[in-house]
Amino acid sequence: MNEQNQKSAVLQIAALLTEGVKDEAETNKWYLENLAKIVELSEAAQLDDETKAEIEATYKEIMEDELNHAQRFFALSNQISGLVPSAD
């Protein structure tokens with residue numbers, strides 16, 4: 001494989017890994033929107049405080065897992081591409 005093909009393959013792999021970052025962010029956005037709806041509906045549903053707190057805590061834990069996944073994809077993409085965030 002020539003150098004140009006290798007460079008292209010590396011960039012394509014980094015792009016695929018970055019797609020994982022995007023997917024995790026979109027998933028968290030969806031969770032946040034759903035949680036906002038649940039908070040809004042919980043009043044009408046007359047959910048008790050304990051149930052509301054459990055729902056919110058569960059969503060928080062799941063979203064934190066998604067953030068972990070996004071960071072892992074980001075780190076892999078940076079490792080493959082050689083790109084790092086600027087210090088500015």
From [atom1] ([X]) to [atom2] ([Y]), nearest 0.5 Å:
X	Y	atom1	atom2	result
M63	L35	CE	CG	5.5 Å
F73	D23	CZ	CG	7.5 Å
I80	T18	CD1	OG1	10.5 Å
K60	D65	NZ	CG	12.0 Å
R72	L76	CZ	CG	8.0 Å
L11	L16	CG	CG	11.0 Å

Checklist entry - Has E43 got more than 12 heavy atoms of other residues, nucleotides or ligands less than 6.0 Å from its CD? => result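 It does not: E43 CD has 12 such atoms or fewer within range.
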
Next on the checklist: I'd like to know whether E33 forms a salt bridge (charged side-chain N to carboxylate O under 4.0 Å, His left out) with K29, so could you lay out the CA-CA distance, the side-chain angles of the two residues, the decisive distance to 0.1 Å, and finally the verdict.
Outcome noted: CA-CA 6 Å; E33 290 169 347; K29 180 180 178 277; 2.8 Å; yes

Next on the checklist: Membership question, hydrophobic clusters at under 4.5 Å side-chain separation (ILVMFWY): are L67 and L32 in the same one?
Outcome noted: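 No, it is not one cluster - the side chains of L32 and L67 are not joined through contacts under 4.5 Å.
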
Next on the checklist: Would you say I13 ends up clustered with L83 if hydrophobic residues are merged whenever their side chains have heavy atoms under 4.5 Å apart, either directly or through other cluster members?
Outcome noted: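 No, L83 does not connect to I13 through the hydrophobic network.
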
Checklist entry - With no hydrogens and no angle check, do the side chains of Q12 and S8 hold a donor and an acceptor under 3.5 Å apart? => result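 The answer is yes; a qualifying pair exists.
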
Item to check | Under 3.5 Å: donor-acceptor pair, side chain of T58, backbone of E54 | outcome: yes

Item to check | Exam field: side chain N78 to backbone V84, donor-acceptor pair closer than 3.5 Å | outcome: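 No.
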
Closest non-hydrogen atom pair between [X] and [Y], with its separation:
X	Y	value
L47	K52	O-CE, 3.5 Å
Y59	Y31	CE2-O, 3.4 Å
A14	S77	O-OG, 3.2 Å
V21	F74	CG2-N, 3.4 Å

Checklist entry - Would you call E19 and K22 a salt bridge, using N to O less than 4.0 angstrom? => result yes

